[in-house]
Asker: 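Quick one: this structure, given as structure tokens, is what I'll be asking you about.
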Amino acid sequence: MPELPDVQVLKEYLDSTALHQRIADVTIDADDMLEDVSSRTLKSRLRKHSLRSTRRHGKHLFVEIAGDGWLRLHFGMTGELEYSKGEREPGAHVRLRLDFANGFHLDYRNTRKLGQIGLVDDVDEYIEQAGLGPDPLASEFDLASFRQALAGRRGTIKGALMNQSALAGIGNIYADEILFQAKLHPKAKVNRLKPKTVEQLHRSLQRVLSRAIEARVDPERFPDDFLLPHRDAGGSCPRCGRELQKTKVSGRTTYYCASDQRRRT
DNA sequence: CCTATAGCCTGACGGC
DNA sequence: TGCCGTCAGGCTATAG
């Protein structure tokens, strides 16, 4: 699930709950999800420190450990965070639990283990080294940056939007939504797009991501013209009412409106 | 540069 | 009820 808007909501959740408290204990059950760090090291880097701030880039959440370094969380398809109080043992899919001195704990849960937990010294360096593209919600991500991100690419626009080294943060779901809002066919070729289309796509992209965040990624609070709540077999287009098409683009299940998304340039 | 494919891991769902 | 195949919103490695 967690794409850029979801991770932003998780970031704000963490910001409003788990910062500035001493970590009394750390439980890890995620050996195969740990990225370049041992369970032991991670534990000792976290314990007795507190979390100071967070940053998000694309689908990655970085949590500053007072003292030094950053905890990097990637959520894969099934990752989530929960801050709560209680003595209960971590549930089956809790990969990381931070117990705070105030009796609360923060759980990073991930059913399918497709995410990652890591430690990085320098966030910008990590982004660079991981080859992540720009974050489309960063203030400096203007039309020129978007053009730059698409420059020299071929293939489908949907594939390009989901390519994390072109742009960081868009996944299958939001790619569909952005293309729907831009009234563009998901198989349109990137290098065939008219400047005007790229401009419109840039607007749709920013609008979709920020609206989703405003709605706290709750489909019930999405604008009425969003595709996402209808993105299911048998779902119909919120604009024209026709049944949505289901197909594969760049290997991913894709829903679109054959009538409203005819444009390919 | 691109695509398609398989694989990582687990749970939900539909068909029999 | 149980078993089995399929599929899922991430990402990588491989081959072409």
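All chains are named by letter (A, B, ...) in the order of the sequence lines, taking the proteins before the strands, and each is independently numbered beginning at 1.
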Asker: Taking side-chain hydrogen bond (donor to acceptor under 3.5 Å, both in side chains) as the cut-off, I'd like each qualifying pair that reaches into residues 215-225 of chain A, sequence neighbours left out, listed once.
Answerer: A:E12-A:R216
Asker: What is the distance, to the nearest angstrom, from the CG atom on A:L10 to the P atom on C:dG9?
Answerer: 18 Å
Asker: Rounding to a whole Å, what distance do you find between A:N110:CG and C:dG9:C1'?
Answerer: 13 Å
Asker: Please check this pair: side chain of A:E177 against backbone of A:L228, looking for a donor-acceptor N/O pair closer than 3.5 Å.
Answerer: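 A pair under 3.5 Å: yes.
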Asker: Rounded to the nearest angstrom, tell me the gap between atom CD1 in A:I170 and atom P in C:dC11.
Answerer: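 Rounded to the whole Å, the gap is 11 Å.
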Asker: How does the hydrophobic cluster around A:F62 look, that is, which other residues are in it when side-chain heavy atoms under 4.5 Å mark a link?
Answerer: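 The other cluster members (ILVMFWY side chains, heavy atoms under 4.5 Å, direct or chained) are A:W70, A:V120, A:V123, A:Y126, A:I127, A:L132.
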Asker: Could you list the protein-to-nucleotides 14-16 of chain C atom pairs, N/O on both sides, closer than 3.5 Å?
Answerer:
none

Asker: List the residues meeting side chain to side chain donor-acceptor pair (under 3.5 Å) with A:H60, not counting sequence neighbours, and say none if there are none.
Answerer: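 So A:H60 forms a side chain to side chain donor-acceptor pair (under 3.5 Å) with A:R72.
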Asker: What is the distance from CE of A:M162 to P of C:dA8, rounded to the nearest Å?
Answerer: 13 Å
Asker: Can you pull the ring pair (Phe, Tyr, Trp, His ring centres under 6.0 Å) pairs that have at least one residue in residues 2-25 of chain A, sequence neighbours excluded?
Answerer: none
Asker: Please answer whether the main-chain N or O of A:S250 pairs with a side-chain N or O of A:K158 as donor and acceptor at a distance below 3.5 Å.
Answerer: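 Pair absent, no side-chain N/O of A:K158 close to backbone of A:S250.
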Asker: Applying side chain to side chain donor-acceptor pair (under 3.5 Å), name anything that partners A:S16, two or more places apart in sequence or on another chain.
Answerer: none
Asker: Given the C1' atoms of B:dC9 and C:dG2, what is the spacing between them in whole Å?
Answerer: 23 Å
Asker: Using whole Å, report how far CG of A:N172 lies from P of C:dC11.
Answerer: 11 Å
Asker: For residues 230-263 of chain A, which residue pairs pass the ring pair (Phe, Tyr, Trp, His ring centres under 6.0 Å) check, not counting sequence neighbours?
Answerer: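 Matches after skipping sequence neighbours: A:H185-A:Y256.
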Asker: A:L209 has an atom CG; how far is it from atom P of C:dG9, in whole Å?
Answerer: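 Answer to the nearest Å: 18 Å.
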Asker: For DNA chain B, just give me the dot-bracket, please: Watson-Crick or G-U, both distances below 3.5 Å, ( ) intra-strand, [ ] crossing earlier pairs, | paired with another strand, . unpaired.
Answerer: .|||||||.|||||||
Asker: Could you state the atom-to-atom distance from CD of A:E3 to C1' of C:dA8 in whole Å?
Answerer: 13 Å
Asker: Looking across every strand, which nucleic acid part, if any, lies under 4.0 Å from A:Q164 by heavy atom: base, sugar-phosphate, or nothing?
Answerer: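 Since only primed, P, OP1 and OP2 atoms lie under 4.0 Å of A:Q164, the category is sugar-phosphate.
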Asker: What is the per-nucleotide protein-contact pattern of nucleotides 1-16 of chain B, from the 5' end, where B denotes a base atom under 4.0 Å from a protein heavy atom, S denotes such proximity for sugar-phosphate atoms only, and - denotes neither?
Answerer: BSS----BBBS-----
Asker: In this structure, how many angstroms lie between the C1' atom of C:dG9 and the NZ atom of A:K246, rounded?
Answerer: 13 Å
Asker: Can you list every salt bridge (charged side-chain N to carboxylate O under 4.0 Å, His left out) pair that touches residues 229-254 of chain A, not counting sequence neighbours?
Answerer: A:D176-A:R231, A:R239-A:D260
Asker: According to salt bridge (charged side-chain N to carboxylate O under 4.0 Å, His left out), does anything in residues 188-202 of chain A pair up with another residue at least two apart or in another chain? List the pairs.
Answerer: A:E199-A:R203
Asker: Using salt bridge (Lys or Arg N to Asp or Glu O under 4.0 Å) as the criterion, list what pairs up with A:R263, not counting sequence neighbours.
Answerer: none
